[in-house]
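Got a structure for you, questions after.
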Amino acid sequence: MTDQAGAGRGASEGRDASGRLELCAVMPVYNEEGIVGQVAESWLEVFDSLGINYELVAIVDGATDASEPILRAVAERHRRLVVDAKANSGHGPTILRGYRRGAVTAEWVFQTDSDDEMPAASFGELWELRHELDAVIGIRTNRNQSPGRRAITRAARFTARAAFGCRLADVNCPYRLMRSTVLAPLLAPIPDDTFAPNVVLSGMLARSEARLAEVPVPHHDRTTGVVSILGFKALRAALRSFGQTVRLSRTRVPAG
């Protein structure tokens with residue numbers, strides 16, 4: 001179910017003559033009631049301060065806590081926030097849903113998570129680089145990971161390198177700005193149920209010869225909520241991601 005009132009405020013105002021926004025920011029949300037209102041407010045403040053013509057799309061993916069009503073309350077005060085609530089389909093499909101929307105509605109698509117682990121204040125550096133690049137991906141610095149999570153991160157990096165020749169340092173970073181004209185054709189062959197689309201997109205961007213760069217972004221440990229995938233479940237997810245990434249590496253990627 002989509003918040004039609006919020007969507008109308010965020011999507012119909014502030015467009016240029018072509019009907020496209022400068023930026024569609026995509027924020028997946030799952031059970032982050034302790035921080036999500038503050039996070040949304042911080043992003044709205046940063047985008048406004050930069051004078052960007054934008055919408056922030058918070059996609060609530062089957063949350064069982066108060067995340068959705070908190071965001072709807074923020075949307076009542078900020079017309080640029082769109083709240084899209086849906087059944088729980090998983091993090092990857094939620095990201096793809098936002099990317100597909102953004103590639104149609106805006107010149108640029110940005111993704112961030114809703115857990116406040118990567119600050120809104122760092123976005124300005126990525127935005128400044130848009131004039132010379134097609135995609136800017138964050139590198140999470142000062143990141144504390146359990147041995148299991150560290151192994152999964154390394155496996156994702158190895159998979160992207162082996163499958164696509166991608167040499168990015170943080171292939172699954174949830175802090176990335178992408179030009180819609182470059183992103184849209186890459187999204188077309190990616191199935192809606194892909195578990196880790198950012199890993200695939202990092203590989204595709206590298207292979208497409210798009211103008212691509214990484215920017216260090218400080219990472220902070222979460223103070224609220226819980227990590228949804230741990231232990232054996234995380235290992236199984238990593239194996240699934242590996243298989244999907246390898247299969248998609250056989251897809252022809254348009255040149256950038």
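Starting from 1, each residue takes its place in the sequence as its number.
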Do you know the tightest heavy-atom contact between Leu81 and Ala58?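 Heavy atoms of Leu81 and Ala58 come nearest at CD1-CB, 4.1 Å.
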From NE2 (His219) to CG (Asn144), nearest 0.5 Å: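 Here the interatomic distance stands at 8.5 Å.
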Yes or no on side-chain contact (heavy atoms from CB on, under 4.5 Å) for His78 and Leu56, after CA distance, side-chain angles and deciding distance? CA-CA 10 Å; His78 297 274; Leu56 171 60; over 6 Å; no
Do Met27 and Thr94 come within less than 4.5 Å of each other through their side chains, counting heavy atoms only?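 When only atoms from C-beta onward are counted, Thr94 and Met27 do not touch, as no gap falls below 4.5 Å.
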Would you say the side chains of Ser202 and Arg176 form a donor-acceptor pair under 3.5 Å?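 Checked: Ser202/Arg176 side chains pair up, N/O donor to acceptor below 3.5 Å.
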Non-hydrogen side-chain atoms of Leu129 and Leu177 separated by less than 4.5 Å: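 Leu129 vs Leu177: side chains apart.
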At what distance, to the nearest 0.5 angstrom, does CZ of Phe195 lie from CD1 of Ile95?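 Phe195 atom CZ to Ile95 atom CD1 measures 9.5 Å (nearest 0.5 Å).
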Could you report the tightest heavy-atom contact between Val26 and Tyr99, atom names first, then the distance?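 Closest approach of Val26 to Tyr99: CG2-N, 4.2 Å.
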Would you give me the side-chain donor-acceptor pairs under 3.5 Å for residues 184-193, sequence neighbours excluded?
residue : atom : partner : partner atom : Å
Asp192  : OD1  : Arg100  : NE           : 3.2
Asp192  : OD1  : Arg100  : NH2          : 3.0

Decide whether Thr64 and Asn31 meet the rule of one side-chain donor and one side-chain acceptor closer than 3.5 Å.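 Looking only at side-chain atoms, Asn31 and Thr64 do form a donor-acceptor pair, the distance falling under 3.5 Å.
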Taking the side chain as everything from C-beta on, heavy atoms only, tell me whether Val200 gets closer than 4.5 Å to Met204.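 Yes. Closest side-chain heavy atoms under 4.5 Å.
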Residues in ring-ring contact (aromatic ring centres under 6.0 Å, His included) with Phe110, at least two apart?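 Only Trp43, Phe123, Tyr175 meet the ring-ring contact (aromatic ring centres under 6.0 Å, His included) criterion with Phe110.
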Minimum heavy-atom separation for Asp61 to Gly90, with atom names?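 It is OD2-N, 3.0 Å.
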Taking side chain to side chain contact (heavy atoms under 4.5 Å, CB included) as the test, write out the residues that go with Glu128, two or more places apart.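 Not a single residue meets the side chain to side chain contact (heavy atoms under 4.5 Å, CB included) criterion with Glu128.
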From CD (Glu107) to CG (Leu23), nearest 0.5 Å: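 Here the rounded value is 10.0 Å.
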Which distance, rounded to the nearest 0.5 Å, do you find between the OG1 of Thr105 and the CD of Glu55?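 These two atoms lie 4.5 Å from each other.
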Under the 3.5 angstrom rule, does the side chain of Ser180 hit a backbone N or O of Ala106 as a donor-acceptor pair?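 Yes: the side chain of Ser180 pairs with the backbone of Ala106.
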Tell me, do Asn172 and Thr153 make a side-chain contact under 4.5 Å, heavy atoms counted?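 The answer is no, as the side chains (C-beta and beyond) never meet within the 4.5 Å cut-off.
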I'd like to know if the side chain of Asp65 pairs up with that of Tyr30 as donor and acceptor (distance under 3.5 Å, no hydrogens or angles considered).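 Tyr30 and Asp65 do not have a side-chain donor-acceptor pair below 3.5 Å.
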Taking the side chain as everything from C-beta on, heavy atoms only, tell me whether Val29 gets closer than 4.5 Å to Val39.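 No, side chains not in contact.
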Rounded to the nearest 0.5 Å, what separation is found between the CH2 atom of Trp108 and the CD atom of Glu22?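 Interatomic distance, Trp108 CH2 to Glu22 CD, rounded to 0.5 Å: 11.0 Å.
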For Trp127, is there any backbone N or O sitting under 3.5 Å from a side-chain donor or acceptor partner on Arg130?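 Here the side-chain-to-backbone pair exists.
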Under 4.5 Å between any side-chain heavy atoms of Glu117 and Pro174, yes or no?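 No, too far: nothing below the 4.5 Å cut-off.
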Could you check Ile137 against Asn198 for side-chain contact (heavy atoms from CB on, under 4.5 Å), going step by step and ending with a plain yes or no? CA-CA 10 Å; Ile137 298 175; Asn198 279 338; over 6 Å; no
In sequence, state the C-alpha distance, the side-chain angles, and the governing distance for Asp115 and Glu32, and then conclude on side-chain contact (heavy atoms from CB on, under 4.5 Å). CA-CA 7 Å; Asp115 52 19; Glu32 296 288 353; 3.7 Å; yes
If every non-hydrogen atom of Leu133 is compared with every non-hydrogen atom of Arg179, which pair is closest and at what distance?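 Heavy-atom minimum between the residues: O-NH2, 2.8 Å.
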For residues 156-166, which side-chain donor-acceptor pairs fall under 3.5 Å, sequence neighbours excluded?
residue : atom : partner : partner atom : Å
Arg157  : NH1  : Ala169  : O            : 3.3
Thr159  : OG1  : Ala155  : O            : 2.7

Tell me whether Glu68 is salt-bridged to Arg72, with the criterion being a basic N under 4.0 Å from an acidic carboxylate O.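 Counted as a salt bridge, because a side-chain N and a carboxylate O are separated by less than 4.0 Å.
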Is it the case that one hydrophobic cluster holds both Val46 and Val36, taking links as side-chain heavy atoms less than 4.5 Å apart, direct or via other members?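 Shared cluster, yes.
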Side-chain donor or acceptor of Arg140 paired with backbone N/O of Asp170 under 3.5 Å: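 No; zero donor-acceptor contacts below 3.5 Å.
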Count the heavy atoms of every other residue, nucleotide or ligand shown that sit under 6.0 Å from CZ of Arg167, and state whether that count exceeds 12.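 No, because the 6.0 Å sphere around CZ of Arg167 holds 12 heavy atoms or fewer from other groups.
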Answer with yes or no whether the side chains of Asp113 and Gln111 bring together a donor and an acceptor at under 3.5 Å.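 Yes, side-chain donor-acceptor contact under 3.5 Å.
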Working to the nearest 0.5 angstrom, can you tell me the gap between His91 NE2 and Leu96 CG?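 Answer for the NE2-CG pair, His91 versus Leu96, is 10.0 Å.
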Which atom of Arg80 lies closest to which atom of Asn53, heavy atoms considered: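 The pair with the smallest heavy-atom distance is NH1-OD1, 3.4 Å.
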What residues, two or more places apart in sequence or in another chain, satisfy side chain to side chain contact (heavy atoms under 4.5 Å, CB included) together with Pro119?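 Ser122, Val217, Pro218, His220.
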As a quick check of understanding, evaluate side-chain contact (heavy atoms from CB on, under 4.5 Å) for Met118 and Cys173, giving each step before the final call. CA-CA 10 Å; Met118 302 183 77; Cys173 183; 3.7 Å; yes
Could you pull out all residues at least two apart from Glu125 that satisfy side chain to side chain contact (heavy atoms under 4.5 Å, CB included)?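 Counting only residues at least two positions away or on another chain, Glu125 forms a side chain to side chain contact (heavy atoms under 4.5 Å, CB included) with Val215.
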Which atom of Leu50 lies closest to which atom of Gly124, heavy atoms considered: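 In this case the closest contact between Leu50 and Gly124 is CD1-CA, 4.1 Å.
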